[in-house]
There are 2 protein chains.
Amino acid sequence: MNDQNKPYILIVEDEAPLVTLLRYNLEKQGFRVEDAGDGGEALTRIAEATPDLVLLDWMLPTMSGIEVCRQIRRRPATRTLPVIMLTARAEEQDAVRGLDTGADDYIAKPFSTEALIARIRALLRRAGSVPTKAKLNFHDISLDPASHRVQRNGRTLHLGPTEFRLLEFFLRHPKRVFSREDVLNAVWGRDIHVEPRTVDVHIRRLRKAINGPGEIDIVRTIRAAGYALDLEAAL
Amino acid sequence: MNDQNKPYILIVEDEAPLVTLLRYNLEKQGFRVEDAGDGGEALTRIAEATPDLVLLDWMLPTMSGIEVCRQIRRRPATRTLPVIMLTARAEEQDAVRGLDTGADDYIAKPFSTEALIARIRALLRRAGSVPTKAKLNFHDISLDPASHRVQRNGRTLHLGPTEFRLLEFFLRHPKRVFSREDVLNAVWGRDIHVEPRTVDVHIRRLRKAINGPGEIDIVRTIRAAGYALDLEAAL
DNA sequence: CGTTTCATGACAGTACGATGACATTACCGT
DNA sequence: ACGGTAATGTCATCGTACTGTCATGAAACG
C-alpha cells in the first residue's frame, strides 16, 4: 500500500542531467517526482494524473514550453494547475511572455535549489495542495494528523488505519455528502477495486469507535446518496 | 565531539589562499574552522573529532573529493555528516555525480561567500547540529547531546550509536509520527540504501535499551503509519 | 405491503509489526 | 596489525489486528 500524499511534481525538461539534479533535490524535500522529456509526453502525463505542480522548461524539442503551458491552460481541468517556467538567463526578458501565457512563476537558469524550492512551496501553499497538518476539529472530536491521535471529549480513541483515514477525510470536508464511490476514491485510492458496500462496514466501524455511550452520532446517513459528517439533530 | 559551542567546520582544500579566505569569512561568522590539505588528512581529522559540516574540494591531490565523500559515507558514524562539495566546474553533470556520491549540496567556484554561508546554515539547520546542544527531555528520559549520555529515572542507559541517534531524533520531535522512510532519511541519511524494515529492528533495540522492568514504553507504534515518541496510554 | 437501502454480526484471508537469529562489518585495546 | 567484541542490516517466522465480503435483519420509502 503505497501512500502517496506527497505533493506530486512533474518536471518537463529534456536535459537529462538537470532532471536528475532536480529530481534528487525535490525528492529529498519530500515531493513525488515524475518527468517528461517533451511537451507531448508532458500533456499525456498530466492527462493521466494531474500533478500538484509543473516545472516547465522554456526550450523543449518539438513543442515549446509556452505552447505546453497554453495547452495546459486550455483545459478546464488544469486551468489552475500551478506552473513554474524554467528559462535560461538570456531569455529572461521573455519571462514576461511566459507569464502572459499563464505560467504562475518563472525562474532563470542557473538557479539555486533553495530559490526553486521556496517558489515551489509558495505556489503549492497558494494552491492549497499541501495537506494541512493542523489539527482538525468538529463538534467534540479532534484529530491530529501529526501525532495521529483522535480524541472525543478529551478521551483518546483507538481507530484502525482505514477508520482513521476515513475520519480524516470527513473532517476535511465537514457537512458535505459523499457517495460511496467518492469515499472509495478519496480514502482507498483511485484504482483500487473494492465493493462500494465495504464503505458501509467501515462507516459502522468508525461509528462504533467514536461514539461512546450517550454520545450522539456524528456520521449522518443520507439514503440513496451517501454519508456526511454532520449532526443528525437537524430535522 | 564538539566541545565548543561554535559549529565546527572542516575545510578540505589544497589551495592555501582559498583556505585562508574561507577561514577568515567563516570564523567571522562564528564558526570554528579546521582545514586539511588532502583526503587522507581529512579522513583522519574526521575520525579524531567529527565536524558539524565538511567543505570538500572536488579536486584534491592523491584522492579526489568524490572518493573522500564515499569514505565518509561508508562509516555509520559519519553517514549523516553534512558535506558541501566545492567544484570548479559548474557543469551540472559534475554536480550530479557529486550528489550521487552522497554530498548534501554543492557550490561552483567562484562563489560568493554569502551564498556559501547561506548553504552552510541551511545544512546545519537541517542536520540539527546548530539548534540544540541543550539536553533533551521527554517523560522520565533525558538525553544530553554534549556528553552523549542518556538517562531514565536517573539510571544511565547504554545505547548503541544508531539507537542513540534514533532516540535523539525522536526527542527533537516528540509526539510526532514518522514513517519508516522519514526515519531513514533523518537518522540514516538521505541517499543510503537500507531496507525500511530495518527501522523495526532498531526500534526494538531502542525499546529494549530504554525500557526497564515495570517501565512504560515510550515508543508508540502506529500501524500503517510509523512510529512516534509518545505515551501509548493516553488520557 | 413490497421494494429498496442500510445496519450489523460473523468470518476467512491478509497485511503488518514484533521478535529472535545470523552473517557481516566496524571498532577498540593490546 | 590483529583479534575479540560490539554493532549493523537482513531475513524467516509468528501472532494479531485489520480488511473485505457476505448473509441476514431492520428500517425507510413508494
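Scope of the values below: all heavy atoms of this structure, side chains included, with no hydrogens, waters or symmetry mates. None of the values given here were measured: they were computed from a predicted structure.
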- Query: Under 4.0 Å between a side-chain N/O of B:His158 and OP1 or OP2 of D:dA7, yes or no?
  - Reply: yes
- Can you tell me if the side-chain N/O atoms of B:Arg180 get under 4.0 Å from OP1 or OP2 in C:dG17? yes
- Answer with yes or no whether the side chains of B:Thr221 and B:Arg207 bring together a donor and an acceptor at under 3.5 Å. yes
- Item | A:Phe178-A:Phe169 aromatic ring centre distance below 6.0 Å | yes
- Task: Ignoring backbone atoms, establish whether B:Thr162 has a side-chain N or O less than 4.0 Å from OP1 or OP2 of D:dA7.
- Result: no
- Query: Taking atom C1' of D:dC11 as reference, at what distance in whole Å does atom CG of B:Asp200 sit?
  - Reply: 12 Å
- A:Pro161 side chain: which of D:dT10, D:dT21, D:dC18 is closest? D:dC18
- Query: Do A:Trp188 and A:His202 have ring centroids that are under 6.0 Å from one another?
  - Reply: yes
- On a plain distance test, is the side chain of A:Arg223 in donor-acceptor contact with the base of C:dT5 below 3.5 Å? yes
- Query: So what does B:Tyr227 hit on the nucleic acid, given a heavy-atom distance under 4.0 Å: a base, only sugar-phosphate, or nothing?
  - Reply: sugar-phosphate
- Respond yes when some side-chain nitrogen or oxygen of B:Thr221 is under 4.0 Å from OP1 or OP2 of C:dA18, and no when none is. yes
- Have a look at B:Thr198 and say if it touches a base, only the backbone sugar-phosphate, or nothing, with a 4.0 Å heavy-atom cut-off. base
- Can you find an N or O donor on one side and an acceptor on the other, under 3.5 Å apart, linking the side chain of A:Arg205 with the base of C:dG9? no
- Message: Looking only at the side chains, is there a donor atom on one of A:Asp144 and A:Gln151 sitting less than 3.5 Å from an acceptor on the other?
- Response: no
- Does a nitrogen or oxygen in the side chain of B:Arg207 sit under 4.0 Å from OP1 or OP2 of C:dA18? yes
- Side chain of A:Val201 only, please: which of C:dT19, D:dT19, C:dT8 is the nearest? C:dT8
- Message: Could you tell me how far apart B:Arg165 (CZ) and D:dA7 (P) are, to the nearest whole angstrom?
- Response: 13 Å
- Note on the structure: Atom CG of A:Leu206 and atom P of C:dT8 are separated, to the nearest Å, by 12 Å
- Item | B:Trp188 side chain near D:dG9 phosphate (N/O to OP1/OP2, under 4.0 Å) | yes
- Over how many whole Å does the gap from A:His202 atom NE2 to C:dT8 atom C1' extend? 14 Å
- Query: Is there a side-chain polar atom (N or O) of A:Arg197 under 4.0 Å from OP1 or OP2 of D:dC22?
  - Reply: no
- Just how far is it from atom CZ of B:Arg149 to atom CG of B:Leu157, taken to the nearest 0.5 Å? 11.0 Å
- Note on the structure: Rounded to whole Å, the CG-C1' distance (B:Leu166 to D:dT8) equals 13 Å
- Query: Roughly, in whole Å, what's the span from CD in A:Glu163 to C1' in D:dA17?
  - Reply: 11 Å
- Quick one: B:Ile192 CD1 to C:dA26 P, roughly how many Å, whole number? 12 Å
- Task: Using whole Å, report how far CD of B:Gln71 lies from C1' of C:dA26.
- Result: 14 Å
- By nearest-nucleotide position on DNA chain C, the 5'-leaning member of B:Lys208 and B:Ala225 is B:Ala225
- Item | Residue B:Arg75, side-chain atoms from C-beta onward, closest of C:dC27, C:dT19, C:dC6 | C:dC27
- Task: Would you sort out whether B:Glu168 and B:Leu136 count as a side-chain contact (heavy atoms from CB on, under 4.5 Å), showing the intermediate values?
- Result: CA-CA 8 Å; B:Glu168 182 178 2; B:Leu136 301 164; 4.0 Å; yes
